[in-house]
Amino acid sequence: MALPSPLRRLFDYLPTRQPPACGWQVGLRVRVPFGRREVVGVVAELANGSELPHDKLRAISEVLDDAPLPNDWQWLCHFAARYYQHSLGDTMQLAMPARLRQGHPMGGRTQTLWLPLSPGDDLILQRAPKQAELYALLRQHPHGLAGRAVTAHGFTREQLLALQKKGYARAQETALTAAQPASGGLLASPSLPLNREQASALAVLHEKLESYHPCLLEGVTGSGKTEIYLQLIEALAAKGKQSLVLVPEIGLTPQTLARFKSRFRVPVVALHSGLTDLERLDVWEAAANGRALVIIGTRSAIFTPLKNPGAIIVDEEHDSSYKQHDGLRYHARDLAVARAHYHNIPLLLGSATPSFESLQQALSGTYRHLRLTQRPSRHPPAKLELIDLRHQRRQGGLLPNAISAIKSTLTSGKQALVFINRRGFAPTLACHSCGWIAECGQCDSRMTLHRQPPLLACHHCDSRRALPDACPECGSGDLRALGSGTERTEETLQGLFPNVTVHRIDRDSTRKKESFEQILKEIQRGEPCLLVGTQMLAKGHHLPHVTLVVVVNADGGLYAADFRALEHSAQLLEQVAGRAGRAAHPGRVLVQTLHPDDPHLGQLAEHGYGALARSLLEERRLAGLPPFCFMALLRIESPHEEAAIALGQQAAQALHQWLTIVKLPVRCLGPVPAPMERRQNRYHVHIMLAADKRSQRHTAANWLVQWLEANREARKVRWSIDIDPQTLA
DNA sequence: AGCACGCCGACT
DNA sequence: GTCGGCGTGCTC
Ligand SMILES: [Zn+2]
Ligand SMILES: [Zn+2]
């Protein structure tokens with residue numbers, strides 16, 4: 001039995017007296033007693049006996065399904081658990097919808113839909129503002145709103161029942177059907193004509209529609225990658241085959257969804273965060289039984305079972321949201337590769353700024369390399385103009401050049417985007433008399449100064465503090481905010497251009513659910529305005545009226561300790577630059593930097609991401625870094641620094657010895673303190689493994705995990721293994 | 001990870 | 001006297 005427990009092993013159980021109707025099968029979901037509680041597990045193996053004495057065994061309490069969970073799903077769970085060195089039971093729990101995890105039955109479900117009624121006069125609700133508000137919400141959904149969705153909007157069941165009693169709403173039980181079978185033809189709207197490049201890319205995809213065929217679609221922003229996805233999906237849907245489309249976390253917007261849904265008449269379903277648990281299960285089943293032909297979702301959607309797999313598409317394949325950063329640290333793009341191979345189907349990875357991993361596979365010929373270089377708007381992507389931050393005064397982080405460019409953009413009736421990868425007002429609060437700096441009490445980091453609302457906040461833990469009136473060290477009142485974040489730049493720009501709307505877009509300003517969408521809508525209306533924002537703004541949103549992009553500081557990744565920092569920051573720069581002049585107007589991109597002579601930055605500005613990526617790949621090859629080696633990172637974490645270091649040393653020593661004995665060529669670096677050693681009062685220590693071959697890395701990581709599981713000291717600290725780590729944080 | 005057991009400090 | 005702090009150990 002694979003059970004929800006971090007223990008990397010299976011548990012033996014006796015069968016129920018009556019076998020289930022389908023007979024005992026691997027993949028059946030069951031309820032079993034485990035310790036002092038009951039849990040939901042999955043039959044992982046059938047055996048005629050156990051190594052445990054009979055009296056230690058307990059019996060299965062209940063079989064939950066009349067058929068095993070889908071084979072492809074089981075295979076993927078096994079693969080992921082093994083590849084990422086994780087517990088199979090935990091992996092399966094994570095990979096199944098919450099309802100199944102909780103032991104609810106599959107199939108035949110209904111949900112309560114609430115529909116608005118018009119009793120004639122709205123006066124009765126005047127004395128019940130909350131109910132009036134709820135009624136207004138229902139009016140926006142004339143086809144009904146699920147009960148769960150209503151409560152998700154912050155209303156109570158009582159309010160619904162009250163509305164029902166007064167005749168303003170009625171309840172209706174409906175079968176959940178995420179995917180209605182298609183009627184009529186395949187397409188709801190015709191495909192768009194392709195340019196020459198697009199047509200030849202699609203032709204390559206058509207060469208091998210029914211076998212494993214990994215392709216990297218490298219296409220600049222606005223070159224029409226989505227149209228290729230749509231026409232590939234169309235070709236497969238015509239054969240009754242399903243396509244699984246992965247998109248980045250912020251990419252699953254109503255607009256993206258609408259683009260897919262409006263093209264096809266066949267059922268398109270989406271796994272997004274707004275779904276209730278029941279709706280999520282329904283989508284999962286619609287995929288598993290083949291009803292849904294197009295399934296769109298973020299990272300976790302890679303675990304959706306497919307009855308008739310046709311292709312897997314990963315949009316913006318370089319996006320960091322595909323990597324899970326806790327628990328099972330899987331990379332959805334990498335699982336997509338494994339899965340496409342298993343199903344023997346095409347795999348399409350799309351990006352304007354491919355990850356070095358995928359680019360290397362394409363350059364070496366392992367993946368087919370499809371390129372789109374033309375933009376329908378005719379003019380080429382804007383070149384980056386580097387401007388020197390040294391020896392110049394800036395206001396809110398902006399150089400005079402940048403400010404005058406913003407001014408002329410506004411005068412010509414266009415919009416400008418100012419990109420700062422730092423939220424808050426200022427990253428540092430310092431005392432001008434004695435040099436004291438506001439630091440977090442729980443982390444090795446500084447507190448960020450916020451103005452809205454005014455407080456000091458740590459961006460690495462939840463600690464918050466009121467703004468001090470005076471320096472706690474020397475009592476001086478001369479406390480100064482050093483550096484700029486989005487809030488400060490917003491304030492500066494508002495001061496410089498008082499008659500223009502300045503939209504700030506970061507995690508703080510868009511915390512409220514729909515405000516981001518609302519701001520975007522307003523921006524898309526096209527009035528001249530300024531946008532100040534973090535990476536949220538950089539990714540794939542349609543900003544057709546932006547003709548100027550200003551990058552406040554491009555130096556983040558230039559001299560960082562993390563060897564991937566430059567790759568990620570080049571991707572970000574290229575993406576932000578892609579926001580400039582998307583529509584009919586050519587754009588400008590101003591990049592402020594302290595290192596205008598940096599060769600990498602120069603290459604990015606002069607020749608673009610593709611060229612920089614290729615030469616950085618060469619540097620990676622020479623340095624023996626990924627993708628030319630395979631890494632695993634062991635993180636050790638404890639409130640006691642000594643405990644974390646001690647275990648790190650023990651583990652590294654044991655590993656070294658074993659590597660020598662078995663003559664396994666795997667490098668082991670560390671233990672070293674993590675880049676920010678203390679976070680939330682926990683000390684972080686790293687050990688990095690690197691090998692030339694995946695299999696060697698796997699063997700070493702597997703040994704290390706088993707050593708840790710058997711080690712008594714290791715139980716006193718928290719540890720986790722990260723296969724193919726993306727960052728050192 | 002849960003969840004219990006167990007053994008010592010400061011409270012009604 | 002007991003309420004609860006978290007160290008230790010187990011889960012077929
Ligand atoms: Zn001071
Ligand atoms: Zn902190």
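First the proteins, then the strands, lettered A, B, ... as listed; each starts at 1.
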Write down the atom of [X], the atom of [Y], and the distance for their closest heavy-atom approach.
X	Y	result
A:Q680	A:C443	N-SG, 3.3 Å
A:L88	A:H78	CD2-NE2, 3.4 Å
A:A714	A:W719	O-CD1, 3.6 Å

A:S61 and A:E38: side chain to side chain donor-acceptor pair (under 3.5 Å), yes or no, with the steps?
CA-CA 9 Å; A:S61 328; A:E38 287 242 310; 2.8 Å; yes
Have a look at A:Y330 and tell me which of A:F303, A:Y83, A:F79 forms a ring-ring contact (aromatic ring centres under 6.0 Å, His included) with it.
A:F303
First contact, last contact: which nucleotides of DNA chain B are these for chain A, 5' to 3', heavy-atom distance under 4.0 Å?
B:dA1 to B:dA4
Please classify the nucleic acid contact of A:R718 as base, sugar-phosphate, or nothing, using heavy-atom distances under 4.0 Å.
nothing
Have a look at A:L7 and say if it touches a base, only the backbone sugar-phosphate, or nothing, with a 4.0 Å heavy-atom cut-off.
base
Among residues 26-44 of chain A, which residues get a heavy atom nearer than 4.0 Å to DNA chain B?
A:R36, A:R37
So, are [X] and [Y] salt-bridged, with charged N and O less than 4.0 Å apart?
X	Y	answer
A:K56	A:D12	no
A:D444	A:R678	yes
A:D326	A:R635	no

Using atom names, set out every protein N or O paired with an N or O of nucleotides 5-7 of chain C below 3.5 Å, distance rounded to 0.1 Å.
none

Calculate the interatomic distance between [X] atom [atom1] and [N] atom [atom2]; express it in whole Å.
X	N	atom1	atom2	value
A:F11	C:dC12	CZ	P	7 Å
A:R8	C:dT11	CZ	P	19 Å
A:R715	C:dT8	CZ	C1'	8 Å

With A:R697, which of A:D722, A:D692, A:D724 fulfils salt bridge (charged side-chain N to carboxylate O under 4.0 Å, His left out)?
A:D724
For the residue pair A:C668 and A:I687, establish whether any side-chain heavy-atom pair is separated by less than 4.5 Å.
yes
For residues A:F563 and A:F356, establish whether the separation of their ring centroids is below 6.0 Å.
no
Would you jot down, in residue-number order, the residues of residues 75-86 of chain A having a non-hydrogen atom under 4.0 Å from DNA chain C?
none
Looking at residues 49-56 of chain A, who's got a heavy atom less than 4.0 Å off DNA chain C?
A:L52, A:K56
Please check this pair: side chain of A:R31 against backbone of A:L64, looking for a donor-acceptor N/O pair closer than 3.5 Å.
no
Are any side-chain N or O atoms of A:H656 and backbone N or O atoms of A:A652, one a donor and one an acceptor, separated by less than 3.5 Å?
yes
Using 0.5 Å steps for rounding, measure from the SG atom of A:C22 to the CG atom of A:L28.
4.5 Å
Which residues pass the side-chain hydrogen bond (donor to acceptor under 3.5 Å, both in side chains) test with A:N702, sequence neighbours left out?
A:Q85, A:Q706
